[in-house]
Number of protein chains: 2
Amino acid sequence: MKKVSIKDIAQMAGVASSTVSFVLNGKARKMRISETVEKRVLEVARNAGYYPNQLAISLRTGKSKTLGLIVENIGNIFFATLAKTIEEEAEQYGYRVVYCSTENNASKGKELISMLSQRQVDGYLITPAPHMEEDIQQLVQLQRPVVLIDRYLPAVEASHVLVNNTDAVEQGMSHLFSQGYREIGFVTVDLDIMQMEQRLDGYIGALSKEGIRLNKDNILKIPYTHQRDEAVELIATLLENNPHLDALFFATNYLAILGLESINRLKMSIPQDIAVISFDDHDIFRIYPPGITSIQQPVEAIAKKAVALLMDQCENGENKIEKAAVELAAKLIVRGST
Amino acid sequence: MKKVSIKDIAQMAGVASSTVSFVLNGKARKMRISETVEKRVLEVARNAGYYPNQLAISLRTGKSKTLGLIVENIGNIFFATLAKTIEEEAEQYGYRVVYCSTENNASKGKELISMLSQRQVDGYLITPAPHMEEDIQQLVQLQRPVVLIDRYLPAVEASHVLVNNTDAVEQGMSHLFSQGYREIGFVTVDLDIMQMEQRLDGYIGALSKEGIRLNKDNILKIPYTHQRDEAVELIATLLENNPHLDALFFATNYLAILGLESINRLKMSIPQDIAVISFDDHDIFRIYPPGITSIQQPVEAIAKKAVALLMDQCENGENKIEKAAVELAAKLIVRGST
DNA sequence: TTACACTTCTAAAACGATTTTGCAAAATTA
DNA sequence: TAATTTTGCAAAATCGTTTTAGAAGTGTAA
């Protein structure tokens, strides 16, 4: 009923609480505790069903062995996979992860950072929402371990690891070109995120390399605060207004899913009427006939690298931290849609 | 750089730390702190960038204002939605949620409970994996607030809230009957979970009510530890061996998704060759042509009720806790597949 | 003048652990 | 035998809060 503390164990075993602590932490040898006492303490602790109070430990040691992970939306498969992989990776180092979503809302992001700070996380893994620069900069200035994922902020001196977005899009575009598609629409989201700009740059760059003139009408920027149906409508309108389009490039998986609805609604068929390719993979893309070609981010590699960088900062303590900027290559998954 | 504590603020403001605590907790009035002092403390605290150490607060007060949520797999949309809703709901009560997945593995579940206990969560929300009875029973015996979700354990005296599985399946079956389907296969998972048995019961009950003789061959239990491909293969085999089947009822969404692959592989078309209905909704079901009929659990209601019950237990403190058993009704979403 | 009541704040204990320091007894050395 | 070292544990400080008890100082009444 009442939780048992180290003090209770000490009393029951007839020793001081420091002795119990030493034994329970395997420092019996180092602290020259006799085997007799050690055994007795261990025995008492087990019988009493003792388990340590992590709060007290963290308070005393100043290490919570916890990392804070802030993503855009834990509901999206990309972030969910990222979170899961990061969690597994962190576990290797003996750290727990607590995760939360910004929904791309800066003020929510600010709150989350504050909440994580109050909970004394040892380090921060952040996919920054727009306008979170100041808050993150502050963490960096306070010398807190921080690694940005999936995006980076030019204004902030923090380590980051992300996919090479421009290259990835160009890779996808080359594939489309090689399949004979020339009139390619690009659907992205109207968000001021570096990563989205890079993807758009990749699109524009690929066109120019191929000697195709950029047609602004082929680019659709969907407001981030869209309702599902409105977005579907917008994409459908793009297709109707531009019948010359033979392929659509979606900048993220959730846009592509909306796009599939639009295409469905127009009774167009993939890839005969329109080819489709999406950034970020998704379960649906594997199943949805005829299979949707996508650009798969190396989620595992990103997670591993990010955690490694963060651990480095955490363990390195007072030494000045070097900032690392890591870019990884994406992988094209060709399916029936192209 | 160095974190500022309440003691630092006290020193800077020239008052005792207790005074600072009172002011910061809005108890200035109650403790008759003069406005002069109050203002000074507030000012100093703000300038120093003070934020409270949640660990210390929790240690002192004995309340972590944190709930532990253990689900089967946070990657599954059903649990992800559940988790998100629970999080939002708990926030209303001023609680945070830390969540983790069992992967239906009892030993992992045991570890998770232990980890949550060490972190001093105030209450537990658990979707129990098979064989977690003893561990959960222990929590209950220790009078810890516990609410089971989505499933329940007959052997454990704990509050639980879940959908009425039997009714839900019967509802789906009636729909199939009304559409003229008679030869209905049932694909479930070979897991010893109450909830799955109830769904199977619903299937069997519906058949008998309709006066259809139960054909054991129409039931497929897929081993839980299946590889993706093996499961797809098993379902395909079921279809090949039983050409008389005109509809398939999937007991969970991930099984249905596998089933769609099987059906695809056999080049069968939905609903002409085979009708499909699934327990639990999924994004894919809305998109996948011609739309997959599904049984949608009232996730929001479940989350709300579960959190409410748990909060009740948490706040009620020492008073004996009444066990509640809540069953909610599911909703049939009819789409093109039936 | 003493007693009492307010007002305004402080001191100290407590939460549950870790860790440094201290100290008696036993063992070793001189 | 005395001095020194080692052994084996206990005491106490500490982390950052909250909270209870109470200490000064001032005003009021008997």
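Convention: sequence-line order gives letters A, B, ...; per-chain numbering from 1. Only heavy atoms go into these numbers, but all of them, side chains included; no hydrogens, no water, no symmetry mates. Predicted, not measured: the structure shown is a model, and the values here were computed from it.
Not a single salt bridge (charged side-chain N to carboxylate O under 4.0 Å, His left out) links R46(B) to another residue, sequence neighbours left out. Under the rule for a side chain to side chain contact (heavy atoms under 4.5 Å, CB included), the partners of A301(B) that lie at least two apart in sequence or sit in another chain are P298(B), L328(B). Qualifying salt bridge (charged side-chain N to carboxylate O under 4.0 Å, His left out) partners for E89(B), counting only residues two or more places apart in sequence or in other chains: none. Applying the ring pair (Phe, Tyr, Trp, His ring centres under 6.0 Å) test to F79(A) and every residue at least two apart in sequence or in another chain returns nothing. Applying the salt bridge (charged side-chain N to carboxylate O under 4.0 Å, His left out) test to K110(B) and every residue at least two apart in sequence or in another chain returns D135(B). Scanning for salt bridge (charged side-chain N to carboxylate O under 4.0 Å, His left out) contacts around R119(B) gives an empty result, with sequence neighbours left out. Y99(A) is linked by a ring pair (Phe, Tyr, Trp, His ring centres under 6.0 Å) to Y99(B), counting only residues two or more places apart in sequence or in another chain.
I9(A) has its CD1 atom 13 Å from the C1' atom of dA17(C), to the nearest Å. For the pair K7(A) NZ and dA11(D) P, the computed distance is 13 Å after rounding to whole Å. Counting to the nearest Å, the P atom of dG16(D) and the NZ atom of K3(B) are 9 Å from each other. The separation between Q11(B) atom CD and dT10(C) atom P is 13 Å, rounded to whole Å. Distance Y51(A) OH to dG16(C) C1': 12 Å, rounded to the nearest Å. The distance between atom CD1 of I6(A) and atom C1' of dT19(C), rounded to the nearest whole Å, is 12 Å. The CZ atom of R60(A) sits 10 Å away from the P atom of dG16(D) (whole-angstrom rounding). Put simply, CD on Q54(A) is 10 Å from C1' on dA17(C), counting in whole angstrom units.
Pairs of residues two or more places apart, or lying in two chains, that qualify as salt bridge (Lys or Arg N to Asp or Glu O under 4.0 Å) and include a residue from residues 91-108 of chain B are K84(A)-E103(B), E87(B)-R96(B). Among pairs with a residue in residues 32-44 of chain A, those fulfilling salt bridge (Lys or Arg N to Asp or Glu O under 4.0 Å) read R29(A)-E38(A), at least two apart in sequence or across chains.
Within the model, atoms OH of Y152(A) and CD1 of I193(A) stand 13.5 Å from one another, a figure rounded to the nearest 0.5 Å.
Under 4.0 angstrom from either OP1 or OP2 of dA17(C) there lies at least one side-chain N or O belonging to Y50(A). The side chain of N53(B) places no N or O atom within less than 4.0 Å of a non-bridging phosphate oxygen (OP1 or OP2) of dC15(D). A sub-4.0 Å separation between OP1 or OP2 of dT18(C) and a side-chain N or O of T61(A) is absent.
Inter-axis angle, ends of the helix from dT1(C)-dA30(D) to dA30(C)-dT1(D), five pairs per end, rounded to 10 degrees: 80°.
At the heavy-atom level, T19(B) lies under 4.0 Å from base atoms of the strands shown. At a threshold of 4.0 angstrom between heavy atoms, the contacts of K30(B) with the nucleic acid are absent. Across all strands shown, L59(A) has heavy atoms under 4.0 Å from base atoms, whether or not it also approaches the sugar-phosphate. Using a 4.0 Å heavy-atom criterion, one finds that K63(A) contacts no nucleic acid atom at all.
Place I57(B) and V15(A) on DNA chain D by their nearest nucleotides, and V15(A) ends up nearer the 5' end.
Side-chain atoms of R151(B) do not come within 3.5 Å of backbone N or O of Q195(B) as any donor-acceptor pair. The backbone N or O of V15(B) sits nowhere less than 3.5 Å from a side-chain atom of T19(B) that would complete a donor-acceptor pair.
Scanning residues 32-41 of chain A for heavy-atom distances under 4.0 Å to DNA chain C yields an empty list.
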Give me, pair by pair, the N or O atoms of the protein and of nucleotides 20-24 of chain C that are less than 3.5 Å apart, along with how far apart they are.
none

